[in-house]
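Heads up, the thing below is written out as structure tokens.
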Number of protein chains: 2
Amino acid sequence: MHPNRSLVLDSFGKPAFLKPMRDAKPDKEESPKKVAAAKRPDGVRRPDAARIPGASVHTSLASEIGLRIVRGDYPPGTILPNEAKWSETFSVSRSAVREAIKMLMAKSLLASRPKIGSWVEPRERWNLLDRDVLAWYATSPDREVFLKTVQEFRHIIEPEATAFAAMRRTDEQMAEISQACREMGEATSLQERTRADTRFHLAILRASGNDLLVPLGVLIESAFDHLFTYTTRAVDDLNHAQKLHEAIEKNIRLQRPDAARAAVRKLLANTDHVIKSR
Amino acid sequence: MHPNRSLVLDSFGKPAFLKPMRDAKPDKEESPKKVAAAKRPDGVRRPDAARIPGASVHTSLASEIGLRIVRGDYPPGTILPNEAKWSETFSVSRSAVREAIKMLMAKSLLASRPKIGSWVEPRERWNLLDRDVLAWYATSPDREVFLKTVQEFRHIIEPEATAFAAMRRTDEQMAEISQACREMGEATSLQERTRADTRFHLAILRASGNDLLVPLGVLIESAFDHLFTYTTRAVDDLNHAQKLHEAIEKNIRLQRPDAARAAVRKLLANTDHVIKSR
DNA sequence: TTCCCGTGTATTGTCAGACAATATTGCTTT
DNA sequence: AAAGCAATATTGTCTGACAATACACGGGAA
């Protein structure tokens, strides 16, 4: 396999291959004309043919560049290589590059001006709560720190959200919550269970009656994704967790905000423990 | 002034004019060829000349389309007019349309596939905590509801964030907080004061030591923006608020999480009161 | 009939090349 | 030395073309 190949995989869907011709850090140009395509033995696919169906070029590019930025390859304030450069580096058209960059601008990772170029925005402007940015962010530092940060955030959000849900849920929303809780118990695989678990917590956020809480669901999804991937759990641990979930469900159903909040705190404490004893 | 002119003004910066040739709701096509440019009296600017320097075409377009989506013109699941259509409607190139759409896709307002078109994503996927989306969202329902939602969110976030800040702030971060607090007191105009106020709260979020809390600053900015615009405040009210801020500053400085949290709750209660007695 | 399969077609995806707008940089002129 | 002016590099915008895709429809076969 080609040494310089980099794999990108995130919420956009299918994995996407994208291979820089040569690694493009802050590099001074030295090309006299352009790398002359040179020898390409039959059977070896051309660089630009290295795309996988299911992910468009601009999307893959956005992932690649976005990941590099979040990872710290180009610190805030840095001027990125210009569009023509990216275009050449990845053997894609300038339009594709521009669309990728526009996506990153929409996430406030970048900004640009004519004659200047595109530069990395200061970190505090980054939209870290964006699905993709969060995914990139999750890969860069060690997972421990990331999980701890997310979990701390859950401690802030979920108890209150659940209390609101207990006060304002509709019957329909309650049905969703109850069903997810039931399906958690009946799940036969850990993956199935995790999915129901996620649905459970997202349903609570929706039932909270505050529109602004809903987008925070991406955090929960991300947390569970990591939890599912990097921890193993014993059977009686799962049983215990199930009981904690049922307590939450019950208190929302009976419309007891304080009890619901307390129940969530218990569940989170349990999750903390699972993480700690990883 | 042209009747169909729509004004777009949001975080992108300068206001941008963009005038659809004709209002483009779900419209059945009837054009035999294309509107033939027809009579355009001298002195009347052409439609595509209606741009204001400082806002690019794709950015303005993104604002216009994004606003329409959030406002509910195209409910979730709706297939949008295709790129060629937008291009014609606004007299811009297809590239510009595509870049605008890519930005909205990056905010999860849209998704698209070849042969299908672009459709509006379900509301719960929208990145409401994005600066621009929030700005669009703030315009659509009545402001009362919006302010109430944001304020409720602040009640969830800020007390805890401040408690963390009291525990983990660095001296440098403390200096920022203190300075903002001081400048609030010394401000001579309400606008100046509001800006310092905003800086104060943002500095606390940054000092909380949890990266994920920082992006929530956009909410505070948005809240203050609306508070500043739609409420008036008496002098002794401001004095009282200043004291509340100073209490927060002091408790963070003395590293008393619980007291800091309580102080923030007091301030928020005060703000609630200002809003209610609007 | 009913089901399967290919073929048509509308739409986004991608590419290439050109020119415009813009703000920095350095040079020239006073 | 200072101020204005020109050269220049980069994004912004437009045009036109073709590729990839997946739905819709019609035709053929069981």
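Because only heavy atoms are used, hydrogens play no part in the values below, and waters and symmetry mates are left out as well, while side chains stay in.
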### Message
Suppose we screen for side-chain contact (heavy atoms from CB on, under 4.5 Å). Which residues come up paired with Ala96(A), at least two apart in sequence or across chains?
### Response
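Val57(A), Val92(A), Ser93(A).
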### Message
Need to verify one output field. Residue with the more 5' nearest nucleotide on DNA chain C, Ser87(A) or Lys115(A)?
### Response
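Closest to the 5' end, via its nearest nucleotide, is Ser87(A).
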### Upstream residue (5' side of DNA chain C) when Glu99(A) and Ile116(B) are each assigned their closest nucleotide
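That would be Ile116(B).
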Please report the distance, rounded to the nearest Å, between [atom1] in [X] and [atom2] in [N].
X         : N       : atom1 : atom2 : value
Phe90(A)  : dT14(C) : CZ    : P     : 15 Å
Trp119(A) : dA9(D)  : CH2   : P     : 19 Å
Leu110(B) : dT12(C) : CG    : C1'   : 13 Å
Trp86(B)  : dT11(C) : CH2   : P     : 14 Å

### Query
What distance separates Phe224(A) CZ from Arg193(A) CZ, expressed to the nearest 0.5 Å?
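That separation rounds to 9.5 Å.
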Nearest listed nucleotide, side chain of [X], among [options]:
X        : options                   : result
Arg98(A) : dC15(C), dG12(D), dG13(C) : dG12(D)
Ala96(A) : dG12(D), dT13(D), dC15(C) : dC15(C)
Val57(B) : dT11(C), dT11(D), dC14(D) : dC14(D)

### Task
Pick base, sugar-phosphate or nothing for Ser95(B), based on heavy-atom distances below 4.0 Å to the nucleic acid.
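Result for Ser95(B) = base.
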### Message
When you measure from the side-chain N and O atoms of Ser112(A) to the phosphate of dT10(D), is any distance below 4.0 Å, counting only OP1 and OP2?
### Response
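Answer is no, no contact under 4.0 Å.
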### Message
Is Arg94(A) close enough to dA16(C) that one of its side-chain N or O atoms is under 4.0 Å from OP1 or OP2 there?
### Response
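Answer no for this pair, as no side-chain N or O of Arg94(A) is under 4.0 Å from OP1 or OP2.
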### Query
Taking for each residue the nucleotide of DNA chain D with the nearest heavy atom, is it Ala84(A) or Ser93(B) whose nucleotide lies nearer the 5' end?
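By nearest-heavy-atom nucleotide position, the 5'-most residue is Ala84(A).
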### Message
So for Arg113(B) and dG13(C), does any side-chain atom that can act as donor or acceptor lie under 3.5 Å from a complementary atom in the base?
### Response
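Side chain to base: no pair present.
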### Task
Count the heavy atoms of every other residue, nucleotide or ligand shown that sit under 6.0 Å from CD of Glu172(B), and state whether that count exceeds 12.
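No, not enclosed.
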Counting only pairs under 3.5 Å, give me each side-chain donor-acceptor contact of residues 111-121 of chain A, with atom names and distances, residues two or more places apart or in other chains.
| from | atom 1 | to | atom 2 | distance (Å) |
| --- | --- | --- | --- | --- |
| Glu121(A) | OE2 | Arg125(A) | NH1 | 3.3 |

